[in-house]
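Right, one structure below, let's go through it.
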Amino acid sequence: QVQLVESGGGLVQAGGSVRLSCAASGNIFSVNAMGWYRQAPGKQRELVATFRSGNNTYLADSVKGRFTISRDNAKNTVYLQMNSLKPEDTAVYYCNAEIFARTLRLFSYWGQGTQVTVSS
């Protein structure tokens, strides 16, 4: 089994910064991709950023220029650096990972979620 442990988040004022971390551990042969989703109350979950093999990254239009996604392959950890935060960034942020098990089967996993609240 694979576990994703998220850390970071909390309460921050508008214009501030926060960094989220997500570390994967367990039955891992290799990590195909890791990324971040977020879900605000009463809204659908949306994709924020992804980091895929081959050093390919994706950022949603709403966060381009403010957020940065990075990955430490040696630690199977992905980070989301969030700058110039806005109240509309308030949401629960979920880490997602596509991981090859040692049997070489591909599975998708979710972290427990971490709350980010941006005050005006």
What's the separation between atom [atom1] in [X] and atom [atom2] in [Y], rounded to the nearest 0.5 Å?
X     : Y      : atom1 : atom2 : value
Met34 : Ile69  : CE    : CD1   : 8.5 Å
Asn27 : Arg102 : CG    : CZ    : 5.0 Å
Arg71 : Ser53  : CZ    : OG    : 7.0 Å
Lys75 : Ser25  : NZ    : OG    : 14.0 Å
Gln81 : Arg19  : CD    : CZ    : 7.0 Å
Leu59 : Thr68  : CG    : OG1   : 7.0 Å

Do [X] and [Y] share a hydrophobic cluster (ILVMFWY, side-chain heavy atoms under 4.5 Å, transitive)?
X     : Y      : answer
Val92 : Tyr109 : no
Leu80 : Val118 : yes
Tyr94 : Phe107 : no

Minimum heavy-atom separation for [X] to [Y], with atom names?
X     : Y     : answer
Arg66 : Leu85 : NH1-CA, 3.9 Å
Val48 : Val63 : O-CG2, 4.0 Å
Val78 : Cys95 : CG1-SG, 4.0 Å
Arg38 : Ala91 : CB-CB, 3.9 Å
Leu4  : Ala24 : CD2-CB, 3.4 Å
Gly8  : Leu20 : C-CD2, 3.8 Å

Candidate pair Tyr79 and Asp72, rule side-chain contact (heavy atoms from CB on, under 4.5 Å), full reasoning = CA-CA 8 Å; Tyr79 306 92; Asp72 186 337; 4.1 Å; yes
Taking the six-membered ring of Phe100 as reference, does the NZ or CZ atom of Arg105 fall below 6.0 Å from its centre and within a 45° cone about the axis?
->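 So Arg105 doesn't make the cation-pi contact.
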Does the pair Lys86 and Asp89 meet the rule for a salt bridge (Lys or Arg N to Asp or Glu O under 4.0 Å), with working shown?
-> CA-CA 5 Å; Lys86 304 175 181 179; Asp89 295 318; over 6 Å; no
Would Ile99 and Asn32 satisfy side-chain contact (heavy atoms from CB on, under 4.5 Å), going step by step from the backbone distance to the final call?
-> CA-CA 6 Å; Ile99 293 174; Asn32 186 56; over 6 Å; no
Donor-acceptor pair, Glu6 side chain versus Gly113 backbone, under 3.5 Å?
->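 Yes, Glu6 side chain to Gly113 backbone: donor-acceptor pair under 3.5 Å.
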For the pair Val31 and Glu98, evaluate side-chain contact (heavy atoms from CB on, under 4.5 Å) and give the outcome as yes or no after the intermediate values.
-> CA-CA 6 Å; Val31 176; Glu98 295 177 354; over 6 Å; no
Regarding [X] and [Y], is there a side-chain donor-to-acceptor distance under 3.5 Å anywhere?
X      : Y      : value
Asn83  : Ser17  : yes
Thr117 : Gln115 : yes
Ser108 : Asn96  : yes

Tell me the ring pair (Phe, Tyr, Trp, His ring centres under 6.0 Å) pairs involving residues 35-77, sequence neighbours left out?
->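 Checked against ring pair (Phe, Tyr, Trp, His ring centres under 6.0 Å) - neighbours excluded - the pairs reaching residues 35-77 are Tyr37-Trp110.
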Mark yes when over 12 heavy atoms from residues, nucleotides or ligands other than Gln13 sit less than 6.0 Å from its CD; otherwise mark no.
->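 12 or below, so no.
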Criterion side-chain contact (heavy atoms from CB on, under 4.5 Å) on Ile28 and Val2, from CA distance to verdict = CA-CA 7 Å; Ile28 300 172; Val2 170; 3.9 Å; yes
